[in-house]
2 protein chains.
Amino acid sequence: MSPRRVTLADVARTAGVSPTTASLVLSGRGRELRISQDVEQRVLKAAAELQYRPNIVSVGLRTGTTRTIGFISDTVATSRLAGDMIKGALEAARERGFMLFIGETEGDAELERLLLQAMHDRQVDGIILAAMFTRTIRVPKGVTVTPAVLLNALPKQPSPLPSVIPDEVEAGRAAARALLDAGHREGIYLIGAGPGRRNVPAGGSVAAVERLVGIREVLADAGVKPAGGRVCRDWQPEHGLAATRELLKKERPRALICFNDRLALGAYQALDDFGLKVPADVSVVAFDDHPIASWMRPRLTTVALPHYELGRKAVDVLFTQIGRDREDDGGEGEVHRVPMPIRLRESIAPPAA
Amino acid sequence: MSPRRVTLADVARTAGVSPTTASLVLSGRGRELRISQDVEQRVLKAAAELQYRPNIVSVGLRTGTTRTIGFISDTVATSRLAGDMIKGALEAARERGFMLFIGETEGDAELERLLLQAMHDRQVDGIILAAMFTRTIRVPKGVTVTPAVLLNALPKQPSPLPSVIPDEVEAGRAAARALLDAGHREGIYLIGAGPGRRNVPAGGSVAAVERLVGIREVLADAGVKPAGGRVCRDWQPEHGLAATRELLKKERPRALICFNDRLALGAYQALDDFGLKVPADVSVVAFDDHPIASWMRPRLTTVALPHYELGRKAVDVLFTQIGRDREDDGGEGEVHRVPMPIRLRESIAPPAA
DNA sequence: TCGCACTGCTAATCCGATTTAGCAAACCTG
DNA sequence: CAGGTTTGCTAAATCGGATTAGCAGTGCGA
């Protein structure tokens with residue numbers, strides 16, 4: 001062990017005052033409690049010289065606040081997306097002098113319970129419950145004893161917890177608008193879900209439902225109707241490949257709205273198989289802004305999931321919860337929607353004449 | 001706030017004993033200190049009924065151990081790779097009842113200092129210093145006051161800290177062996193580094209150096225010499241594309257060893273441009289097992305970076321450090337090498353006759 | 001019957017801060 | 001100059017456990 005941490009008592013001793021006085025000065029309440037300028041200076045000087053830093057564990061025991069928040073997600077590692085959420089949360093927390101505990105449940109309710117316990121045992125000041133893919137989740141009981149926020153998730157049952165989610169409806173609108181802006185009116189097909197409002201994959205994906213709503217709304221407003229669509233059970237490249245191949249056997253699309261970038265990757269392959277060029281023959285727009293989107297040739301225009309911003313926002317919302325005097329815990333939690341910016345790249349062109 | 005946490009005093013009261021006795025029983029030292037069976041049972045029963053859980057903050061203050069470890073990396077979010085490392089560390093820690101603080105320095109030494117401070121202030125029991133890309137790092141002073149481990153990194157200056165890194169040399173051997181096993185002897189080109197021992201990109205990438213060593217060793221042992229190689233300044237798809245195009249203008253390779261999967265993605269594109277088929281015309285093997293490796297067509301054979309295992313191993317090593325009585329802190333830190341498994345997929349075939 | 005060892009438990013202290021209650025000295029005030 | 005107020009600081013309690021020192025009560029031998 002190093003030469004032992006410097007404690008408040010050490011500071012008090014070198015300043016020649018009592019620990020009480022030292023504490024008062026260092027917590028900024030010295031003026032208020034009539035500590036003289038002289039003593040104040042001595043304490044400050046001693047603290048600086050000794051490089052005193054309060055022991056947060058001790059403060060935590062006494063005051064109950066540990067300047068720590070718990071971040072529990074269903075999956076951290078599956079994609080870089082979660083990493084960005086964590087990063088956003090991390091930075092927002094750090095700016096306030098807070099640290100993050102992280103935990104991963106892998107969808108296991110028992111593990112979730114254990115993690116929540118472990119965090120409560122460490123007296124976290126608040127908890128962020130994050131989902132990798134936007135979806136509704138069952139809010140575990142025992143979360144509400146502490147300020148908490150749902151991140152990228154909505155409560156399955158009514159709950160007072162606030163949520164932070166991407167604005168998927170607006171994202172759908174943006175994708176559709178991008179095609180309309182390029183002049184597309186016909187031959188617009190959807191890959192992954194649609195064309196009907198109900199044509200969504202099972203599993204309660206919020207993204208599928210809301211993106212579809214936004215797309216249909218903008219198209220309808222422009223008097224355009226999607227020429228067709230394929231629901232994909234899962235949104236992996238192979239499904240995009242299969243669905244697009246299927247489509248190309250019978251139809252000749254002018255534009256594809258793929259429900260995520262991985263589907264679009266498969267769609268590119270299928271288009272290539274049929275000798276169709278992106279974007280000259282077929283325009284493609286997708287969602288997520290996964291790293292592959294900028295590796296694909298031509299680079300894919302896509303509506304980005306703002307993971308970093310979601311993480312930051314969750315911390316912001318959590319802090320307003322912490323700040324609040326938790327009287328008003330009745331009612332439904334607010335839902336905060338974070339904008340999804342469109343990344344215009346090379347996969348959209350005006351329809352060939 | 002919930003109905004207040006149950007404390008040891010509560011347990012003692014309902015069991016009708018002193019807090020001391022309750023503490024003794026619950027810490028398992030009851031037998032040793034001659035607490036009667038009867039009392040022991042009463043305490044246990046009371047604890048179970050009240051669902052008592054010790055307040056770790058309090059224990060931390062008294063004993064100095066918080067069942068918490070700090071995980072500081074240069075980048076969390078840039079790739080899913082870090083996510084897997086964190087996941088491995090997370091699970092290994094959880095199995096021992098430990099939680100993880102995470103922090104991200106983004107290469108900023110000042111931020112690193114602040115994070116280390118923040119973690120020390122919270123009395124972490126140990127620290128993992130992780131790098132995203134295997135490399136040598138300057139060990140910040142002040143780390144050694146606590147048990148610590150370098151993850152995916154080697155100390156730049158001599159240091160007593162142990163390191164956990166992927167076994168890149170063996171990975172290089174495995175990649176070369178895979179080609180030899182398929183019957184390749186000629187026209188083997190390296191993309192990203194090589195062919196000479198010194199032909200590595202600037203920046204001190206451990207991966208470049210060690211993979212190259214392993215590749216050259218196995219090839220040399222088989223009496224084979226690489227037909228050529230291209231150093232790529234950065235290992236992104238566009239560099240792989242450019243380097244491979246350059247190569248194909250003059251040469252007709254039979255096999256490519258790409259120094260990572262993203263280079264291989266570019267190489268695939270270049271090969272396609274020249275009308276060459278993988279693996280019929282050219283076999284390709286790479287490193288990392290990035291998610292794209294299994295999305296590429298044909299699916300890429302690659303030597304996997306064992307991020308998950310690296311994370312686990314770092315925690316294991318850290319615990320032996322924590323367990324140790326830190327007398328023997330002289331000498332160099334041990335280096336633990338984690339095997340990199342090869343993922344055989346579809347991108348290697350015997351050379352055409 | 002006294003002293004001693006042992007058994008079984010508890011009182012008191014400590015970890016490092018915050019916070020409440022209060023005390024001595026200086027200063028007024030009439 | 002006694003009595004009250006202010007000023008400026010400190011003692012002591014507290015948070016929730018772990019740990020050390022020690023205290024009754026019993027049994028046993030001399």
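The analysis underlying the following values was restricted to heavy atoms, covering all of them including side chains, and did not include hydrogens, waters or symmetry mates. Numbers restart at 1 for each chain; the letters A, B, ... are given by sequence-line order, proteins then strands. All figures in this text were calculated on a predicted structure; none of them were measured in a lab.
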Item to check | Separation of atom CZ in B/Arg42 from atom P in C/dC9, rounded to whole Å | outcome: 8 Å

Checklist entry - For B/Glu32 and D/dT20, what is the distance between atoms CD and P respectively, to the nearest whole Å? => result 11 Å

Checklist entry - Hey, does the side chain of A/Arg122 reach the backbone of B/Arg67 with a donor-acceptor pair shorter than 3.5 angstrom? => result yes

Checklist entry - So what does B/Thr63 touch, heavy atoms closer than 4.0 Å: a base, only the sugar-phosphate, or nothing? => result sugar-phosphate

Next on the checklist: Quick check on C/dT10: is either OP1 or OP2 less than 4.0 Å from any side-chain nitrogen or oxygen of B/Ser18?
Outcome noted: yes

Next on the checklist: Looking at A/Ser23, I'd like to know whether one of its side-chain N or O atoms comes within less than 4.0 Å of OP1 or OP2 on C/dT18.
Outcome noted: yes

Item to check | Terminal helix-axis angle for the helix from C/dT1-D/dA30 to C/dG30-D/dC1, with five pairs defining each axis and rounding to 10 degrees | outcome: 80°

Item to check | Interatomic spacing from CZ in B/Phe98 to CD1 in B/Ile322 - rounded to 0.5 Å | outcome: 5.5 Å

Next on the checklist: Can you tell me which nucleotide in C/dT18, C/dT20, D/dC9 comes closest to the side chain of A/Val59?
Outcome noted: C/dT18

Checklist entry - Under the 3.5 angstrom rule, does the side chain of A/Asp125 hit a backbone N or O of A/Ile69 as a donor-acceptor pair? => result no

Checklist entry - Contact class for A/Val57 vs. all strands (heavy atom < 4.0 Å): base, sugar-phosphate, or nothing? => result nothing

Next on the checklist: Check the orientation of B/Phe101 and A/Phe101. Use parallel for under 30°, tilted for 30 to 60°, and perpendicular for over 60°.
Outcome noted: parallel

Item to check | Pair A/Arg113 + A/Glu110, salt bridge at N-O below 4.0 Å | outcome: yes

Next on the checklist: At 4.0 Å (heavy atoms only), tell me whether A/Ser36 reaches a base, stays on the sugar-phosphate, or touches nothing.
Outcome noted: sugar-phosphate

Checklist entry - Is the distance from OP1 or OP2 of C/dA17 to the nearest side-chain N or O of A/Tyr52 less than 4.0 Å? => result yes

Checklist entry - Which part of the nucleic acid, if any, lies within reach of B/Thr7 when heavy atoms closer than 4.0 Å are counted: base, sugar-phosphate only, or nothing? => result sugar-phosphate

Checklist entry - Salt bridge or not for A/Glu40 and A/Arg31, using N-O below 4.0 Å? => result yes

Checklist outcome for this item: Atom CZ of A/Arg13 and atom P of C/dG16 are separated, to the nearest Å, by 11 Å

Next on the checklist: Checking the side chain of A/Thr66 only, and the main-chain atoms of A/Gly60 only, is there a donor and an acceptor separated by less than 3.5 Å?
Outcome noted: no

Checklist outcome for this item: When rounded to whole Å, the CZ to P distance for the pair A/Arg29 and C/dA17 reads 16 Å

Checklist entry - How would you label the contact of B/Leu8 with the nucleic acid (heavy atoms, under 4.0 Å): base, sugar-phosphate, or nothing? => result sugar-phosphate

Item to check | Nucleotide nearest B/Thr20 when distance is taken to its side chain, options D/dT19, C/dC15, C/dA17 | outcome: D/dT19

Next on the checklist: Looking at A/Gln117, I want to see if its CD is surrounded by more than 12 non-hydrogen atoms of other residues, nucleotides or ligands under 6.0 Å.
Outcome noted: yes

Checklist entry - Between A/Ile35 and B/Asn55, which is nearer to the 5' end of DNA chain D once each is assigned its nearest nucleotide? => result A/Ile35

Checklist entry - Mapping B/Gln37 and B/Arg62 to their closest nucleotides on DNA chain C, which lands nearer the 5' end? => result B/Gln37

Checklist entry - Counting side-chain heavy atoms from CB outward, which of D/dG16, C/dA17, D/dC9 is closest to A/Thr21? => result D/dC9

Checklist entry - What is the distance, rounded to the nearest whole Å, between atom CZ of A/Arg53 and atom C1' of C/dG16? => result 15 Å

Checklist entry - Among side-chain atoms of A/Asn152 and A/Thr134, is any donor-acceptor pair under 3.5 angstrom? => result yes

Next on the checklist: Expressed as a whole number of angstroms, how long is the span from A/Asp10:CG to C/dG16:P?
Outcome noted: 9 Å

Item to check | Whole-Å gap separating C1' (C/dC14) and CG (A/Leu61) | outcome: 12 Å

Checklist entry - Under 4.0 Å between a Lys/Arg side-chain N and an Asp/Glu carboxylate O for A/Arg5 and A/Asp10? => result no

Checklist outcome for this item: Nucleotide by nucleotide, nucleotides 23-28 of chain D touches protein heavy atoms under 4.0 Å in the pattern (B base, S sugar-phosphate only, - none) ------

Item to check | Backbone N/O of A/Ser23 and side chain of A/Ser27: donor-acceptor pair under 3.5 Å | outcome: yes

Item to check | Spacing of A/Leu24 atom CG relative to C/dA21 atom P, expressed in whole Å | outcome: 14 Å

